[in-house]
Each structure stands twice: as structure tokens, then as C-alpha cells.
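Written out below as C-alpha cells is the structure these notes cover.
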Number of protein chains: 2
Amino acid sequence: MFKKILIAEDFQDTNKGIVHALEVNLQIDIIQEELYCDKAFNRFKVAFEKGEPYELLISDLTFKESHVDRRLTSGIDLIKAIRGVDKNIKIIVNSMIENPTEINALFKDQKINGYVCKGRNSLNELLEGIQEVYQNRTFVSPQLNLNSSNSVFEMDKYDIMILKDLAEGLTKKEISEKLKKLNISPNSESTIDKKVSKLFDEFGAKNTHHLIAKLIKQGKL
Amino acid sequence: MFKKILIAEDFQDTNKGIVHALEVNLQIDIIQEELYCDKAFNRFKVAFEKGEPYELLISDLTFKESHVDRRLTSGIDLIKAIRGVDKNIKIIVNSMIENPTEINALFKDQKINGYVCKGRNSLNELLEGIQEVYQNRTFVSPQLNLNSSNSVFEMDKYDIMILKDLAEGLTKKEISEKLKKLNISPNSESTIDKKVSKLFDEFGAKNTHHLIAKLIKQGKL
DNA sequence: TAATCCCTTACAGAAATCTGTAAGGGATTG
DNA sequence: CAATCCCTTACAGATTTCTGTAAGGGATTA
């Protein structure tokens with residue numbers, strides 16, 4: 001897992017909420033939070049020049065104005081400044097903005113690695129996103145149906161029914177029998193096997209355990 | 001799954017939130033919500049006498065006063081009245097009260113089947129609780145460490161590490177090898193097997209899929 | 001010291017998962 | 001109509017999971 005993470009978020013409650021969630025759920029050696037873009041950038045720069053760079057930046061996009069003089073006034077400013085120095089640092093944006101165009105631009109122009117949309121599940125999504133980004137995949141909050149480069153996979157009712165049953169401990173044989181009773185087709189064990197295997201690919205899961213865990217964390221099951 | 005559910009909850013936003021969550025996540029034929037205990041009881045009684053009883057009651061405990069004349073003024077009143085008529089109906093209490101003594105009394109005296117503590121995760125817990133109660137088990141929000149009859153099982157760091165690895169798609173063989181590399185003992189595949197099997201019993205899971213799903217929904221993984 | 005208990009581990013067999021091949025049928029297209 | 005594609009299904013083999021039994025070792029207790 002990442003060893004050094006930098007967090008830029010101006011609202012203190014949100015800021016602390018993120019830090020706490022990371023502390024509780026992940027083993028990170030250094031978690032540094034900042035309330036100002038400029039301060040965040042300074043911290044990043046010092047660490048980078050010292051040869052101990054941060055591995056991940058989690059940043060908001062909008063920052064409140066303040067009485068303090070500020071050079072970098074938005075998350076985009078901050079990200080641009082940081083990307084100009086370090087092309088390797090992973091970046092996850094955590095913002096309330098839901099505009100697909102804007103979000104896609106972040107992936108394309110700023111090479112961000114993840115986008116989490118603030119909301120009732122965003123802490124869970126952030127944790128999930130960190131895992132994904134750590135494994136060199138990109139992450140986008142599932143509720144945002146971006147038709148971007150990394151396509152979003154849809155599950156239909158049939159897939160969801162099967163996975164819910166698996167998550168409740170039914171075997172594929174039992175699910176097959178259940179479907180036959182309900183006169184739902186297709187219903188062979190073989191087809192169920194294939195459906196689930198296809199979902200492995202689509203969601204980057206290694207096996208059923210992994211798939212179920214991912215989907216529940218994304219609120220899809 | 002339950003076919004008829006009755007909900008008693010006076011705050012409209014909460015009320016609608018519950019209803020919506022049930023509609024989205026479960027297949028229930030009839031979900032009836034009421035804002036007053038008396039109205040809830042009337043509805044229950046009519047259905048019961050008609051031979052089409054509700055199968056599950058989800059009720060708050062505290063109800064605001066109002067200008068309307070009320071006979072039943074609290075969730076306990078409501079539950080007592082309903083239990084006096086129907087001993088089979090399942091009851092889940094959904095309240096902000098966290099006092100273990102009070103909660104234990106509900107299980108002992110009113111024979112309730114589940115207790116969900118309102119909070120940031122309480123909708124998920126409610127959904128989980130409904131599943132549990134449907135399968136004739138009791139449910140209590142995991143953050144409430146009741147030392148009541150249905151004991152709460154603790155997982156240590158070791159158990160959690162194993163389950164997190166399983167949830168990320170590692171096989172038990174891989175986990176065993178990982179533990180050996182980290183010089184963590186015990187580390188045999190066999191012991192891991194047994195640890196996980198014991199957790200099946202403790203959490204009422206049928207297999208690993210089921211266990212992982214439960215624990216993630218409870219926020220433990 | 002001996003008896004007991006609990007934890008760890010090895011092993012073995014049944015069941016389930018996962019992956020691949022192949023055959024058949026329906027829908028689409030040229 | 002023929003060719004093609006896609007979905008469903010059967011089946012088979014390798015791997016993994018799950019559940020027992022049994023043996024050994026350390027800690028506790030009588």
C-alpha cells in the first residue's frame with residue numbers, strides 16, 4: 001500500500017473525515033493533510049526535492065477564498081503545479097462536481113488516476129479508489145456513468161440477481177436450480193459460470209470473493 | 001423475502017429514506033409506512049383480522065408529540081399492542097437509542113428480532129438486519145457491543161487480515177505463503193481453513209462468499 | 001509427573017469453482 | 001439460402017474450497 005499520502009481539502013470536517021478513514025482502514029506510514037493549495041504544494045515540493053516524494057495526492061477541486069494570500073486557488077491549479085514537477089505521483093480527485101466533461105478533462109489533461117464524487121458513500125468509494133489506483137488502475141465513482149476511455153460496465157438485473165445469491169452463500173448449482181424453478185432462462189450452471197467469469201474481466205476481479213467484495217463496496221449489491 | 005412490511009417512523013425524511021431503500025434493494029410486494037403509532041396499529045390490525053397479516057414491522061421508538069390525539073405514543077406502546085395480537089410478526093426496531101440495557105429489554109420482554117441503531121450506516125444495517133431476521137436470526141447493529149444472549153463475536157487483527165486478503169482475491173494457499181514471508185504465525189493453509197470455518201459459525205455464513213459479503217456490509221472489512 | 005486442553009499442522013476426500021472446448025440453435029446479414 | 005455471429009448448454013480437467021480425522025507440542029491444572 002502507499003506509504004506517503006498528501007491530502008488537500010479545505011473543509012476541516014471533511015478533511016479530518018478522510019484522514020480518519022484512511023487511518024482506520026489502511027496502513028499508511030505518513031498521511032499529511034493541508035487546508036490550502038499553496039501549503040500542500042510546498043509540502044509536496046519539499047518532500048520531492050528531499051528524495052522522499054509523496055506517492056498519492058488526494059485533492060478537492062474547489063477551495064474557499066480566505067484572507068490569506070494564495071497563489072494556487074483551486075485543485076486544478078494544484079494538480080497542474082504538482083504534475084509539472086512529478087509525473088509519477090498518483091492523483092485522486094475528491095470533489096462534489098459531477099460534470100462528466102470536466103471530469104473527463106481531468107483524466108485526459110492532468111492524467112489523474114481516480115475521481116471520487118462526494119456523497120453519501122464517498123468515503124467508501126475513496127478507499128476503494130485508493131486500492132484500485134495503487135494497483136495501477138483508474139477509478140471513478142460508480143454512480144458517474146462516464147462514457148470515457150475506461151468504459152463503465154453495466155450489470156443487468158440477471159447478473160445482479162446471480163451475484164446477490166452468491167453473496168448470500170448459494171452455490172452456482174443452487175442458483176441454477178432456483179432459476180429453473182422461477183422459469184428464468186438462461187439457467188444452466190455453465191452459463192452462470194460464464195456470466196460470472198465475464199464479470200471478472202469487466203471489474204478486474206481475480207475470483208468470486210474479489211468480485212463480490214468490490215461490488216458491495218461500490219454499493220451495487 | 002418478506003411480502004408485507006409495515007413501517008412506523010415519524011420523521012418523513014427518514015421514513016421515505018427507509019421505504020426507498022427497501023424498494024430499491026429488496027423485492028417486497030407491499031411496503032406500508034405510517035407516521036403515527038395509532039395509524040400503524042390500525043393498519044396492522046385490519047390486515048391481521050383480514051387474514052393478510054404483515055410479516056415484518058420496522059418501528060422507531062420515539063415519536064414526536066402532535067396536535068392529533070394519540071393513544072399509542074411510543075414505539076414500545078406500539079410493539080406491545082402488536083405483540084398482544086400477533087406473536088409471529090417479526091419486529092425490527094430502528095432508533096437512535098444506544099443504551100444496551102434498554103435494547104436488551106426489548107429483546108427479552110418484547111421479543112423483538114432486530115435492533116438497528118440510526119447512524120451513518122443504518123440503512124445498510126437495516127437491509128442486512130431484514131435479511132437476517134427473515135432467516136430467523138436476530139440482528140443487532142454491529143457497533144453496539146451488546147453482551148446479550150446472542151453474543152457478539154470479535155475478530156482479531158489476524159482474522160481480519162485473512163478475510164481482507166480473501167476479499168481481494170487471494171487463495172488460501174497464497175495467503176499462507178504471504179504469512180510465511182512476513183514471519184507471521186500460524187501460517188498453514190490448514191489453520192487458515194479452520195479459522196475461516198469458525199467464522200462461518202460465528203457469523204452465520206454458509207461459505208466464504210457469504211461471510212465476505214456480510215462483513216463488508218457491516219463495515220468490518 | 002500425568003492428565004487435560006487448546007492450538008497448529010498434515011492429510012484426505014467430497015464438493016465447488018474456474019477455465020477451456022465443443023455442439024446446437026436462433027438471429028442477423030449478405 | 002448460406003454464412004456468420006452470439007448465446008446457451010454440456011462436459012471435462014485442474015484448482016480451490018470445505019470438512020473431517022489425526023498427530024504433535026505447548027500451556028495449564030491436578
Side-chain angles (χ1 to χ4, degrees), chain A residues 135 137 151 153-217 220-221, chain B residues 135 137 151 153-217 220-221:
Chain A
Q135 289 167 45
R137 287 194 286 272
S151 55
F153 295 101
E154 298 275 345
M155 288 193 297
D156 59 22
K157 282 186 182 177
Y158 182 85
D159 293 332
I160 290 172
M161 183 192 302
I162 288 174
L163 287 174
K164 281 192 174 177
D165 283 345
L166 284 172
E168 288 187 8
L170 301 194
T171 66
K172 286 167 182 168
K173 185 187 285 184
E174 288 170 331
I175 295 172
S176 166
E177 287 159 1
K178 176 182 163 184
L179 290 173
K180 281 170 188 165
K181 270 188 192 166
L182 295 174
N183 268 337
I184 296 175
S185 169
N187 51 39
S188 76
E189 207 178 326
S190 176
T191 299
I192 296 173
D193 273 344
K194 303 229 172 314
K195 293 271 183 195
V196 176
S197 288
K198 185 176 283 183
L199 293 172
F200 291 168
D201 300 336
E202 292 177 355
F203 287 94
K206 294 177 192 165
N207 53 34
T208 307
H209 298 158
H210 197 190
L211 181 64
I212 288 174
K214 275 183 183 246
L215 293 177
I216 290 178
K217 285 178 181 170
K220 291 186 178 171
L221 287 188
Chain B
Q135 289 168 45
R137 286 194 288 270
S151 55
F153 295 101
E154 297 276 344
M155 287 193 298
D156 58 22
K157 281 186 181 177
Y158 182 85
D159 293 333
I160 290 172
M161 184 192 301
I162 288 174
L163 288 173
K164 281 193 174 177
D165 283 344
L166 284 172
E168 287 186 9
L170 302 193
T171 67
K172 286 167 181 167
K173 185 188 283 185
E174 288 170 329
I175 294 172
S176 166
E177 287 160 1
K178 176 182 164 185
L179 290 174
K180 283 170 188 165
K181 270 188 192 165
L182 294 174
N183 268 337
I184 296 176
S185 170
N187 51 41
S188 76
E189 207 179 327
S190 177
T191 300
I192 296 172
D193 273 345
K194 303 233 171 312
K195 293 273 184 195
V196 176
S197 287
K198 184 176 284 184
L199 292 173
F200 291 168
D201 299 336
E202 292 178 355
F203 288 93
K206 293 178 191 164
N207 55 34
T208 307
H209 298 158
H210 197 189
L211 181 63
I212 288 175
K214 276 183 182 244
L215 292 177
I216 291 178
K217 284 177 182 171
K220 292 187 180 171
L221 288 187

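A, B, ... follow the sequence lines: proteins, then strands. Residue 1 opens every chain.
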Worksheet entry | Over 12 non-hydrogen atoms of neighbours within 6.0 angstrom of NZ in K173(A) | no

Worksheet item: Taking for each residue the nucleotide of DNA chain C with the nearest heavy atom, is it V196(A) or N187(B) whose nucleotide lies nearer the 5' end?
Response: N187(B)

Item to complete: Could you check how far CG of D165(B) sits from P of dT17(D), rounded to whole Å?
Response: 12 Å

Worksheet, complete the sentence: d(F203(B) CZ, I212(B) CD1) to nearest 0.5 Å is 13.0 Å

Practice prompt. Write down the atom of K172(B), the atom of D193(B), and the distance for their closest heavy-atom approach.
Written response: CD-OD1, 3.0 Å

Worksheet entry | Closest nucleotide among dT9(C), dT19(D), dT19(C) to the F200(A) side chain | dT19(C)

Worksheet, complete the sentence: When rounded to whole Å, the NE2 to C1' distance for the pair H209(B) and dC18(D) reads 12 Å

Worksheet, complete the sentence: Per side-chain contact (heavy atoms from CB on, under 4.5 Å), K178(A) is matched among D165(A), N187(A), I162(A) by D165(A)

Worksheet, complete the sentence: Correct closest heavy-atom pair for E174(B) and L170(B) would be OE1-CA, 3.1 Å

Practice prompt. Using a cut-off of strictly less than 4.0 Å, decide whether T191(A) has a side-chain nitrogen or oxygen near OP1 or OP2 of dT9(D).
Written response: yes

Worksheet item: Would you say dT19(D) has OP1 or OP2 under 4.0 Å from some side-chain N or O of S197(B)?
Response: yes

Item to complete: Could you please name the option among dC18(C), dT9(C), dC18(D) that lies closest to any side-chain atom of K172(A)?
Response: dC18(C)

Discussion item. Both E174(A) and S190(A) contact DNA chain C. Taking the nearest nucleotide for each, which residue is further toward the 5' end?
Written reply: E174(A)

Worksheet, complete the sentence: Out of dT17(D), dA10(D), dT17(C), minimum distance to the side chain of T171(A) belongs to dT17(C)

Worksheet item: In whole Å, what is the span from the CG atom of L179(A) to the P atom of dC7(D)?
Response: 18 Å

Discussion item. Output the rounded distance in Å from CG (N207(B)) to C1' (dA16(C)).
Written reply: 9 Å

Worksheet item: Considering only dT8(D), dT9(D), dT17(C), which nucleotide approaches the side chain of K195(A) most closely?
Response: dT8(D)

Discussion item. Tell me the interatomic distance from K198(B), atom NZ, to dC6(C), atom P, rounded to whole angstroms.
Written reply: 10 Å

Discussion item. Using whole Å, what does the distance between atom P of nucleotide dC7(C) and atom CG of D193(B) come to?
Written reply: 17 Å

Worksheet item: For the pair made of CG in L199(B) and P in dT19(D), what is the distance, rounded to whole Å?
Response: 12 Å

Item to complete: Whole angstrom is fine here: how far is it from NZ in K173(B) over to P in dC18(D)?
Response: 15 Å

Response to the item:
Paired to dT8(C) by Watson-Crick or G-U wobble criteria (both distances under 3.5 Å) is dA23(D)

Practice prompt. Would you tell me if any nitrogen or oxygen in the side chain of K194(A) comes within less than 4.0 Å of OP1 or OP2 on dC7(D)?
Written response: no

